[in-house]
Amino acid sequence: MKKMIVAKWLGMAAIACTLCFVSCKPAQQQTEVAPVDDRAEILFETTMGNFKMALFNETPLHRDVYLVLAKVGYYDSLLFHRVIDNFVLQAGDPNSRYAKAGELLGDGEPFKIPAEIHFPKLYHKRGMVNAARQGDDTNPDRLSCGSQFAIMTCGPLTDAQIERGQQRMWAGTDSTATLTEEMIKTYKEVGGSPHLDAQYTVFAEIVEGMDIVDKIQKVATDKFDRPIEDVRIIKATVVKDYKK
């Protein structure tokens, strides 16, 4: 137990150092999405099966923080506290570890991470993972919650749905950020949530076990979108680390 506590404190210290170092660096020009072989990967074992997440090198701060959290066992025993069929799965609230049945979750936020939004290179197609955050009214810089992540599960969209998503994106960004033809094609064939584009940091994608993600999104939920029967992360393991 003492070793576990020490490890977790060391992990949090490493996160703090990472946040300080990266946030002090000047913004870099956007690059192409890195090949899959160059990305670190985290395996999430859950009570309903396993899935694997690959972390984008284009979002180095989020990548490094999530790797540290997985290494120190931060996600072990946390719940999927928000599940909306054909939209999203959300987990990572530290308050969910010992939460009582029916308890409202989602406010747990151990620290914040500076936004790393790379639109249009990284967008909210099905299977992508973004960092949850508080709304613009209290969080105008769109800082990410330090540990909560959301997996996009929405299926193929119609032209009308994509158009509505584009309109909502404009309303949220106060800009003329526009979906490319390739993005529109992907949203129509694969699915996703375009209304979130250019507003949240997309930092990872599911590369194995999307069938498990789909299975989880079908569970019965309460009025707070929390599964009635707990769906828990048993263990998160770094199966492929980042190599500098």
Side-chain angles (χ1 to χ4, degrees), residues 3-5 7-8 10-12 14-15 18 33-83 88-99 105 108 110-111 113 116 122 124-132 144-153 190-192 200-219 227 229-244:
K3 290 183 178 179
M4 182 177 294
I5 293 173
K8 290 191 176 183
L10 288 174
M12 290 303 176
I15 291 171
T18 300
V33 175
V36 173
D37 289 346
D38 291 341
R39 298 183 297 187
E41 296 179 349
I42 300 174
L43 175 68
F44 287 85
E45 301 173 53
T46 84
T47 51
M48 293 186 67
N50 304 340
F51 63 84
K52 188 183 295 182
M53 178 189 297
L55 308 172
F56 292 118
N57 293 326
E58 290 74 22
T59 54
L61 186 50
H62 286 71
R63 176 199 64 207
D64 293 350
V65 166
Y66 273 77
L67 287 173
V68 170
L69 291 177
K71 289 175 182 178
V72 300
Y74 183 92
Y75 289 104
D76 301 357
S77 295
L78 297 190
L79 299 176
F80 285 91
H81 65 271
R82 183 173 179 239
V83 174
V88 72
L89 261 62
Q90 190 168 329
D93 182 347
N95 298 331
S96 71
R97 180 172 281 108
Y98 304 112
L105 298 168
F111 48 82
I113 309 174
E116 295 180 294
L122 301 178
H124 289 81
K125 67 180 179 180
R126 172 177 156 82
M128 288 293 204
V129 185
N130 78 11
S144 299
C145 169
S147 61
Q148 290 195 40
F149 62 90
I151 305 172
M152 304 299 109
T153 65
V190 177
Y200 291 77
T201 296
V202 175
F203 70 91
E205 69 176 322
I206 304 303
V207 291
E208 287 183 18
M210 195 62 192
D211 58 325
I212 300 301
V213 172
D214 286 336
K215 183 179 176 182
I216 296 173
Q217 76 165 325
K218 296 296 182 182
V219 302
E229 294 187 12
D230 288 345
V231 181
R232 195 174 297 275
I233 297 172
I234 300 171
K235 186 176 181 59
T237 305
V238 176
V239 293
K240 183 180 179 184
D241 211 342
Y242 172 65
K243 295 182 180 180
K244 297 181 180 179

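The figures here come from the full heavy-atom set of this structure, side chains too, leaving out hydrogens, waters and symmetry mates. Quick note: residue numbers are just sequence positions, from 1. All of these numbers come straight from a predicted model, not from anything done at the bench.
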Query - Heavy-atom side-chain contact between Y66 and Y74 under 4.5 Å - result: no
Query raised in the report: Ignoring hydrogens and geometry, is there a side-chain-to-backbone donor-acceptor pair from S96 to L78 under 3.5 Å?
Result: no
Query raised in the report: Does H124 have any ring pair (Phe, Tyr, Trp, His ring centres under 6.0 Å) partners at least two apart in sequence or in another chain, and if so, which?
Result: none
Query raised in the report: Where does the angle between the aromatic ring planes of F149 and F44 fall among parallel (under 30°), tilted (30 to 60°) and perpendicular (over 60°)?
Result: tilted
Query raised in the report: Looking only at heavy atoms, which two atoms of A236 and D76 are closest? And how far apart?
Result: N-OD1, 3.0 Å
Query raised in the report: Can you name the closest pair of heavy atoms from G73 and R97 and give their distance?
Result: O-NH2, 4.0 Å
Report task. Please determine if R126 and D214 form a salt bridge, counting it only when a charged side-chain N lies under 4.0 Å from a carboxylate O. Result -> yes
Report summary line: Scanning both residues in full, the closest heavy-atom pair of G108 with C145 reads O-SG, 3.6 Å
Query raised in the report: For F203, which of H62, E58, E116 qualifies under side-chain contact (heavy atoms from CB on, under 4.5 Å)?
Result: H62
Report summary line: Here the pair of heavy atoms bringing D38 nearest to K240 is N-NZ, 4.3 Å
Query - Ionic contact status for D93 with R82, cut-off 4.0 Å - result: no
Query raised in the report: For A204 and M53, which heavy atoms make the closest approach, and how far apart are they?
Result: CB-CG, 3.4 Å
Query - Expected output: side-chain T46 to main-chain I233 donor-acceptor under 3.5 Å - result: no
Query raised in the report: For T59 and V202, which heavy atoms make the closest approach, and how far apart are they?
Result: CG2-O, 3.6 Å
